[in-house]
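Written out below as structure tokens is the structure these notes cover.
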Amino acid sequence: MKFQIKSIAAAIAFAACSMVHAEELPSVEVLEKVAKEAYAKYKDDQGGKNADYIPALAKVPSELFGVVIVTKNGDVIKVGDVDTPFSIQSCSKVFTMALVMQESGDEVIYDKVNVEPTGEAFNSIQAIEEGDGRADNPFVNAGAIATVSLIKADTAEQRWDKIIKIYEKFAGSQLEVLEDIYTSEAETNFRNRGIAAVLYNSNNLFAEPLMTTDVYTKQCSVGVNAEQLAVMGGTLANDGVNPVTKEKVIDAEHVPKVLSVMMMNGFYDGSGRWAWNAGVPAKTGVGGGIIAVVPNQMAIVGFSPPLDEQGNSVRAQKAIEYIVNALGLSVFGSGK
Ligand code: GLU
């Protein structure tokens, strides 16, 4: 009898546990419907403008717009300009952070970079000076450069090789640097070089500053299309296993930490507004990409070059917000 009661209790506990983790994935048909609605609704939105502080970004056609969803089962739903390569820019910061966590553990990021929002612009120097000298979080430029410096490597080539290899595993396809973007940013990235120097001066950068900034600039210039970026996010939604190739890229234990940094810092000083409006971990890039992850379910990517004042794609954020709210996907509850 005692044994029976114990087994029933265990069965109930197991069922409760599975309920918590088995959020029901909307069907592919439903996902297709909302993705198409989001695309149609914001295709002609004229808000924002291309980044131009990196001159080559100003030349990317502003009308480009694509939406892709990749589920943890490997289903791919796509609408619009999903095959055009664009520079990954700051969406890359998520995956370099994941590389460092996988290589050296989560605590290295927490201790040496920190995970706090700055409330300042993405390229703020003031934010470093106001804090304890650390870079604040891995998604502002300071923190992303510091994260690159934490990769275990003896040479710039080794450092780069580790970055591109893990990005390719996340994406499940071969990726190339967009040379025009890289050249343009490398010729104009004086502010980032300054940030690296400030960090190095206070022992908060862990490799040679100019080399580190150059590797960082290259990582930002990696070309991805919206589908590849969505598979990268799908890998995070699937506990670190690429849902299309089925290859394990990082250990599952790192995923909640990666997503927490995305939730708190993914939209720079617009992160609070994003949590309010959409409520899912996400990361933006000045190339016009936004990658959002619904934990244990799917990634949603929007791509369109015109940006708002905080440097976040206008059409992409509206499209993702639309999909998340239509399906009640906020991590804070469906509101239904
Ligand atoms: N490469 C860009 C920079 O360093 C990234 C900024 C962004 O995408 O937000 O300024």
Side-chain angles (χ1 to χ4, degrees), residues 35 37-68 79-81 84 86-94 117-124 126-127 136-144 181 184-185 188 191-192 220 224 226 229-230 233 261-293 299-326 329-330:
E37 283 169 6
Y39 177 80
K41 199 165 160 67
Y42 300 113
K43 191 165 97 53
D44 299 319
D45 192 301
Q46 297 304 314
K49 77 184 222 337
N50 285 32
D52 56 8
Y53 75 98
I54 300 170
L57 289 180
K59 297 188 195 140
V60 181
S62 303
E63 66 281 5
L64 287 169
F65 181 34
V67 177
V68 181
V79 197
D81 300 306
T84 311
F86 58 91
S87 54
I88 187 170
Q89 296 296 343
S90 286
C91 299
S92 67
K93 296 169 179 175
V94 174
T118 63
E120 306 276 352
F122 66 95
N123 56 1
S124 175
Q126 197 179 331
D136 295 308
N137 72 68
F139 292 168
V140 288
N141 285 7
I181 305 282
S184 181
E185 184 162 351
T188 53
R191 193 173 176 92
N192 285 342
C220 291
V224 285
L229 191 58
V261 182
M262 291 172 76
M263 191 76 246
M264 295 304 294
N265 307 296
F267 274 64
Y268 304 120
D269 47 337
S271 297
R273 194 190 64 209
W274 176 254
W276 176 280
N277 286 335
V280 289
K283 182 71 202 90
T284 66
V286 291
I290 301 182
I291 178 168
V293 177
I300 309 171
V301 158
F303 158 60
S304 194
L307 310 178
D308 66 12
E309 266 159 28
Q310 276 112 7
N312 305 318
S313 167
V314 173
R315 289 190 196 111
Q317 57 184 302
K318 287 184 177 171
I320 297 171
E321 267 174 43
Y322 178 87
I323 293 168
V324 166
N325 288 314
L329 299 174
S330 164

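When a residue number appears, it is its place in the shown sequence, counting from 1.
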* Test log, rule side-chain contact (heavy atoms from CB on, under 4.5 Å), inputs Gln317 and Asn277 -> CA-CA 10 Å; Gln317 57 184 302; Asn277 286 335; over 6 Å; no
* Stepwise side-chain contact (heavy atoms from CB on, under 4.5 Å) test for Gln89 and Ile181 -> CA-CA 10 Å; Gln89 296 296 343; Ile181 305 282; 3.7 Å; yes
* To do: Apply side-chain contact (heavy atoms from CB on, under 4.5 Å) to Glu37 and Tyr322, showing your working.
  => CA-CA 9 Å; Glu37 283 169 6; Tyr322 178 87; 2.6 Å; yes
* Derivation and outcome, side-chain contact (heavy atoms from CB on, under 4.5 Å), residues Phe65 and Val79 -> CA-CA 9 Å; Phe65 181 34; Val79 197; over 6 Å; no
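Nearest heavy-atom pair across Lys283 and Cys91 is O-SG, 3.6 Å. The two residues Val293 and Gly233 make their nearest non-hydrogen contact at CG2-O, 3.9 Å. Summarising the geometry of Ser304 relative to Ser62, their closest heavy-atom pair is OG-O, 3.9 Å, with the distance given to 0.1 Å. When all heavy atoms of Pro61 and Pro305 are compared, the closest pair comes out as O-CG, 3.4 Å. Considering every non-hydrogen atom in both Asn50 and Val60, the closest pair reads ND2-O, 2.8 Å. Heavy atoms only, all atoms of each residue included: Gly80 and Tyr39 are closest at CA-CE1, 3.6 Å.
Within the 4.5 Å cutoff, the side chain of Phe267 has heavy atoms near those of the Ile290 side chain. Under the 4.5 Å side-chain criterion, counting only non-hydrogen atoms from C-beta, Met264 is in contact with Pro117. Within the 4.5 Å cutoff, side-chain heavy atoms of Phe303 are placed close to those of Leu64. You'll find the side chain of Leu229 reaches within 4.5 Å of the side chain of Ile88, heavy atoms only. When side chains are defined from C-beta on, Asn312 does not count as touching Trp274, because their heavy atoms never get closer than 4.5 Å.
For the atom pair CD (Glu185) and OG1 (Thr188), the distance works out to 6.0 Å, reported to the nearest 0.5 Å. The CG atom of Asn137 sits 3.5 Å away from the CG atom of Asn265 when rounded to the nearest 0.5 Å. Ile323 contributes atom CD1, which lies 12.5 Å from atom NZ of Lys41 (distance to the nearest 0.5 angstrom). Atom CD1 of Ile320 is separated from atom OG of Ser313 by 8.0 Å, given to the nearest 0.5 angstrom. Atom SG of Cys220 sits about 7.5 Å away from atom CG of Asn192, to the nearest 0.5 Å. A distance of 8.5 Å separates CG of Leu307 from OG1 of Thr284, quoted to the nearest 0.5 Å.
Just one residue in the list Arg315, Lys318, Arg273 forms a salt bridge (charged side-chain N to carboxylate O under 4.0 Å, His left out) with Asp308, and that residue is Arg273.
Judged by distance alone, the side chains of Gln126 and Ser124 never bring a donor and an acceptor atom under 3.5 Å apart.
Judged by distance alone, the side chain of Asn141 and the main-chain N or O of Ala144 form no donor-acceptor pair under 3.5 Å.
By the 30° and 60° cut-offs, the orientation of the rings of Phe122 relative to Tyr268 is tilted.
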